[in-house]
2 protein chains.
Amino acid sequence: MEPIEEIIANNLVNLRKKRGLSLDKVADLTGVSKAMLAQIEKGKSSPTVTTLWKIANGLQVSFSVFMKEAVKPQIEKININQLPPVIDNNGNYLVYSIFPYHPEKKFEIFTVDLKPGYSHISEKHLGEEYILIKSGELTIDIHGKEFVLTTNETINFSSSAEHSYINSSKELVSFYIFIYYPDDIH
Amino acid sequence: MEPIEEIIANNLVNLRKKRGLSLDKVADLTGVSKAMLAQIEKGKSSPTVTTLWKIANGLQVSFSVFMKEAVKPQIEKININQLPPVIDNNGNYLVYSIFPYHPEKKFEIFTVDLKPGYSHISEKHLGEEYILIKSGELTIDIHGKEFVLTTNETINFSSSAEHSYINSSKELVSFYIFIYYPDDIH
DNA sequence: TTTTATTGTTTATTATAACATACAAATGTA
DNA sequence: TACATTTGTATGTTATAATAAACAATAAAA
């Protein structure tokens with residue numbers, strides 16, 4: 001048995017035990033057979049990369065979790081009206097940070113109100129951006145290319161591209177911005 | 001061929017070419033056969049974790065080098081109307097997965113339509129949940145405690161608490177569910 | 001208490017990873 | 001130029017990954 005097999009074995013056993021899952025349940029979640037999971041946990045078999053990928057996907061952990069070596073039950077309800085805007089362009093472009101970035105997390109969420117006829121140029125920044133429309137119609141210019149989003153449309157793009165938000169419509173547009181910061185940014 | 005196999009194939013080819021190494025040389029350095037290396041590079045075989053480990057060690061790179069997708073500036077616009085619902089309770093509770101979970105990311109995003117008078121009990125699951133209202137009024141029962149959310153309110157809680165979504169109003173409620181999965185292996 | 005379901009382990013079978021070897025084409029050397 | 005070496009590909013064989021099914025022990029349900 002190679003050292004890497006033992007590392008994976010230990011990590012899989014620990015994760016499964018921590019979650020209180022049976023081999024059967026993990027097999028259901030991952031599409032990998034119960035017998036194979038047992039072999040891996042016992043260090044009796046070295047799984048293919050595909051198999052380990054399936055396990056990671058099924059257990060919704062990063063692949064790297066198996067290569068290496070905290071949860072607070074907390075309910076936080078927020079009333080946006082009581083938040084000060086982090087950006088206020090005379091009431092025409094309002095940004096509220098509803099779930100701020102936290103060093104142990106890799107995302108933050110904003111909500112934005114943009115009045116008709118107004119736009120906002122966003123500076124290039126790290127991360128991936130996901131735009132979720134709440135109401136109205138938003139035009140996004142991403143590096144010179146325009147996309148129009150209505151309430152049944154959503155978009156994601158790399159924030160390192162130049163982009164701006166534009167309200168070309170006759171009504172207020174409200175939307176959520178979710179910014180995800182992947183682990184290693186080279 | 002699984003996507004992960006193609007990712008590994010590309011990364012191995014690129015690294016080998018960049019270093020100007022032949023398959024033979026890499027086989028010498030890693031202890032993995034030339035034929036197997038060719039299979040991996042062609043995506044014709046999914047190596048075991050041990051084999052990939054040997055390759056990483058022989059080439060003196062981190063294991064994770066082979067897992068990384070090339071960073072492509074990608075813009076993905078999605079029309080929710082064209083997505084099949086992942087859950088459809090006779091049209092009364094519709095769930096659409098707009099940005100599915102990916103093992104190298106730690107979140108997924110859904111949008112939900114819940115008709116008046118209907119509710120949905122969500123099984124306990126991992127992660128933290130963030131609810132962003134699009135339109136209407138949503139009541140969430142979290143482990144027996146009720147919270148009412150309108151369009152200017154948002155909430156987050158641990159998904160490991162029993163929770164259900166309830167539409168007690170007279171109109172459709174639409175909302176986004178953002179589920180974040182922290183790396184937890186403790 | 002009896003019956004049923006679940007759990008991890010074991011066994012046998014199938015699929016495929018990984019190898020050794022051969023081969024044709026390309027490259028390098030004398 | 002002729003010969004030798006290297007390169008990536010193809011082929012067949014061996015080892016092992018991965019599975020389905022069976023099993024015994026334990027836990028849960030009736």
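The shown structure was predicted, so the numbers you read here are calculated from the model rather than taken from an experiment.
A side-chain donor-acceptor contact under 3.5 Å links Gln60(A) and Tyr181(B). Glu5(B) and Thr50(A) share a donor-acceptor pair across their side chains, judged by distance under 3.5 Å alone. A side-chain N or O of Ser169(B) and one of Asn167(B) form a donor-acceptor pair less than 3.5 Å apart.
Judged by closest nucleotide on DNA chain D, Ser22(B) is the one of Ser22(B) and Ala35(B) placed further toward the 5' end.
Asp24(A) has its CG atom 12 Å from the P atom of dA20(D), to the nearest Å. If you measure from atom CD of Gln39(A) to atom P of dA21(D), you get 17 Å, rounded to the nearest angstrom. In this structure, the CD atom of Glu41(A) is 16 Å from the C1' atom of dA17(D), given to the nearest Å. Lys42(A) places its NZ atom 16 Å from the P atom of dA17(D), with the value rounded to the nearest Å. Rounded to whole angstrom, the span from the CG atom of Leu37(B) across to the C1' atom of dT7(D) amounts to 13 Å. Whole-Å rounding puts the Ile40(A) CD1 to dT9(C) C1' distance at 15 Å. Remark: P of dA10(D) and CG of Leu23(B) are 13 Å apart, rounded to the nearest angstrom. The CD-C1' distance, from Glu5(B) to dT16(C), rounds to 11 Å in whole Å.
For the pair Arg16(A) and dT7(C), the criterion of a side-chain N or O lying under 4.0 Å from OP1 or OP2 is not met. Considering only side-chain N and O atoms, Thr48(A) lies nowhere under 4.0 angstrom from the phosphate OP1 or OP2 of dA17(C). Within the structure, every side-chain polar atom (N or O) of Lys34(A) is placed at least 4.0 Å from both OP1 and OP2 of dT7(C). Contact check, Ser45(B) against dT16(C): no side-chain N or O comes under 4.0 Å of OP1 or OP2.
A side-chain contact (heavy atoms from CB on, under 4.5 Å) with Ile131(B) is found for exactly one of Asn156(B), Val112(B), Ile155(B), namely Ile155(B).
With dA18(C), dG8(C), dT9(D) as the candidates, the nucleotide lying closest to the side chain of Met36(B) is dA18(C). Checked against dT9(C), dT19(D), dA18(C), the side chain of Pro47(B) finds its nearest nucleotide in dA18(C).
Rounding to the nearest 0.5 Å places CD1 of Ile98(A) at 6.5 Å from CD1 of Ile78(A).
The aromatic rings of Phe178(A) and Tyr130(A) lie tilted to each other, with the angle between the two planes from 30° to 60°.
Under a 3.5 Å cut-off, the side chain of Lys77(B) and the backbone N or O of Leu149(A) do not form any donor-acceptor pair.
Within residues 51-58 of chain B, no residue approaches DNA chain D, by heavy-atom distance under 4.0 Å.
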